[in-house]
Amino acid sequence: MMSGLNGKVAAVTGGGGILCSAMAKALATQGAHVAVLDLNVEAAQKVASEIQDSGGKAIAVQANVLQKESLLEAAAAVHRELAKMDILINGAGGNKPDATASPNQSFFDIPLDAVQWVFNLNCLGTILPCQVCVPDMIEKKAGVVINIASMAGIRPLTRVVAYSAAKAAIANFTQWFAVHLAQEYSPGIRVNAIAPGFFLTAQNEYLLIDQETKEPTQRGKTILAHTPANRFGVPADLISALLWLASDDSAFVSGTTIPVDGGFSAFAGV
């Protein structure tokens, strides 16, 4: 058991997704009471039910991370069903094909609304939950925020121009918010980020794995060639870093972005 997680209330946005559902379940195994927040309430309920079936405590809450009123309603539900929040995992995010440069769409032809959509979901979708949920921590003078950045924000990737820039903004916001909370409210509130490398999810599997042969695509092969671990990540790879950052074991860690990338960020390619 990681120290200090038993009985804590953790909210996970995007909790119905592949990576964030694994995070929600992991927190529950440590005794945390988990609010699974997702726009897709059915997906959130599935995760919450799996936690409950395993003996954990969880609720599913519908929430739109781009609508403050929706988040306020979600927070009220968490307060009512669990208690005030101690931990916030900002997992909601993603990309869309229209916001990428490709052989079929030049960078100069990317629609502005597609770029805005990606920035809103990733950046504002992190800032707004902080505005709504972190006051619980300010009241307690203690708490943990974990944002989900990306290796794309540290080493910009070809094609995904909007996503790379939006995730870089999250890493920057993580540093700013960590200092702001410590100086203005309490050093007992910590803010960090995890930057996953290449994990197979519903959003990117079609780019990395050929759906007919089930072998890596050319892009997938290039990624593996630049990843010393020589594999794609799986959800379980994120769990140790998540639990460490969420627990008291990382009490002197704030304002950091931790790569979980199989060595991708350390490899120069030669």
Side-chain angles (χ1 to χ4, degrees), residues 12-26 36 38-40 42-44 46-47 50 89-107 110 114-115 117-118 121-122 125 147-168 170-171 193-242 257-270:
V12 183
T13 72
I18 292 175
L19 299 183
C20 290
S21 63
M23 295 179 189
K25 293 172 187 176
V36 184
D38 204 290
L39 186 61
N40 183 342
E42 289 81 11
K46 181 176 182 295
V47 176
E50 290 174 359
I89 313 296
N90 281 309
N95 193 24
K96 68 186 308 183
D98 288 351
T100 64
S102 70
N104 299 320
Q105 177 176 257
S106 161
F107 160 76
I110 295 176
V115 175
W117 186 93
V118 173
L121 178 59
N122 291 280
N147 298 324
I148 305 302
S150 170
M151 192 45 53
I154 297 173
R155 300 281 297 274
L157 307 180
T158 59
R159 302 188 183 181
V160 288
V161 53
Y163 183 76
S164 293
K167 288 300 190 179
I170 289 176
I194 295 173
F198 294 91
F199 286 70
L200 293 178
T201 69
Q203 293 179 343
N204 68 8
E205 186 172 4
Y206 76 98
L207 290 172
L208 305 179
I209 299 295
D210 186 286
Q211 298 305 296
E212 292 184 4
T213 67
K214 302 304 178 183
E215 294 295 321
T217 61
Q218 186 56 52
R219 186 175 179 84
K221 291 176 182 177
T222 301
I223 289 166
L224 291 175
H226 287 77
T227 301
N230 196 36
R231 67 175 176 85
F232 298 116
V234 296
D237 291 323
L238 294 172
I239 298 310
S240 293
L242 172 85
T257 295
I258 307 295
V260 182
D261 65 351
F264 180 87
S265 60
F267 185 41
V270 294

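- Taking a cutoff of 4.0 Å between a charged side-chain nitrogen and a carboxylate oxygen, Glu50 and Lys46 qualify as a salt bridge.
- In this structure, Asp38 and Gly14 approach most closely via the heavy-atom pair OD2-C, 3.3 Å.
- Residues Thr100 and Val161 form no side-chain contact, since every pair of their non-hydrogen atoms from C-beta on lies 4.5 Å or further apart.
- Here the closest non-hydrogen pair linking Ser21 and Val47 is CB-CG2, 3.6 Å.
- Between Asp210 and Arg219 no salt bridge is recorded (no basic side-chain N to carboxylate O distance below 4.0 Å).
- For the atom pair OG (Ser150) and CG (Leu157), the distance works out to 6.5 Å, reported to the nearest 0.5 Å.
- When atom types are taken as modelled, the side chain of Lys167 and the backbone of Ile148 share a donor-acceptor pair closer than 3.5 angstrom.
- The distance from the CD1 atom of Ile18 to the CG atom of Leu200 is 8.5 Å, given to the nearest 0.5 Å.
- In terms of the side-chain hydrogen bond (donor to acceptor under 3.5 Å, both in side chains) criterion, residue partners of Asn147 (sequence neighbours excluded) are, by chain and number, Asn90, Thr174.
- Contact detail for Thr257 and Ala171: the closest heavy-atom pair is OG1-CB, 3.9 Å.
- Between Leu19 and Pro235, some side-chain heavy-atom pair lies under the 4.5 Å cut-off.
- In the model, Arg155 has no side-chain atom that pairs as donor or acceptor with a side-chain atom of Ser164 under 3.5 Å.
- Proximity of Cys20 to Thr13: side-chain heavy atoms (C-beta onward) are nowhere separated by under 4.5 Å.
- Aromatic ring centres of Phe232 and Phe199 lie farther apart than the 6.0 Å criterion allows.
- Between the side chain of Asn122 and the main chain of Val118, a donor-acceptor pair closer than 3.5 Å is present.
- A distance of 8.0 Å separates OG in Ser102 from CD1 in Ile110, rounded to the nearest 0.5 Å.
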Side chain to side chain contact (heavy atoms under 4.5 Å, CB included) between Val160 and Asn95: does it pass, once the steps are laid out?
-> CA-CA 8 Å; Val160 288; Asn95 193 24; 3.4 Å; yes
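- Smallest separation of non-hydrogen atoms from Leu121 and Gly93: CD2-C, 3.5 Å.
- Side-chain contact between Ser265 and Met151 is present, with heavy atoms from C-beta onward closer than 4.5 Å.
- Remark: Lys221 NZ is loosely packed, at most 12 non-hydrogen atoms of other residues, nucleotides or ligands lying under 6.0 Å away.
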Check against side chain to side chain contact (heavy atoms under 4.5 Å, CB included), Leu242 and Ile194 = CA-CA 8 Å; Leu242 172 85; Ile194 295 173; 4.1 Å; yes
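- Side-chain contact between Thr217 and Ile209 is absent, with no heavy-atom pair separated by less than 4.5 Å.
- With Thr227 contributing its side chain and Gly262 its backbone, the two residues share no donor-acceptor pair below 3.5 Å.
- For the side-chain hydrogen bond (donor to acceptor under 3.5 Å, both in side chains) test, no residue two or more places apart in sequence or in another chain qualifies with Gln105.
- One finds the CG atom of Leu208 at 8.0 Å from the CG atom of Leu224 (value rounded to the nearest 0.5 Å).
- Note: Phe198 and Phe264 have perpendicular aromatic rings, judged against thresholds of 30 and 60 degrees for the angle between ring planes.
- Among all heavy-atom pairs drawn from Ala44 and Val36, the shortest one is CB-O, 3.6 Å.
- Of the possible polar contacts, one joining the Thr222 side chain to the Gln218 backbone as a donor-acceptor pair under 3.5 Å is found.
- Closest approach of Ala114 and Lys96 over heavy atoms only: O-CD, 4.1 Å.
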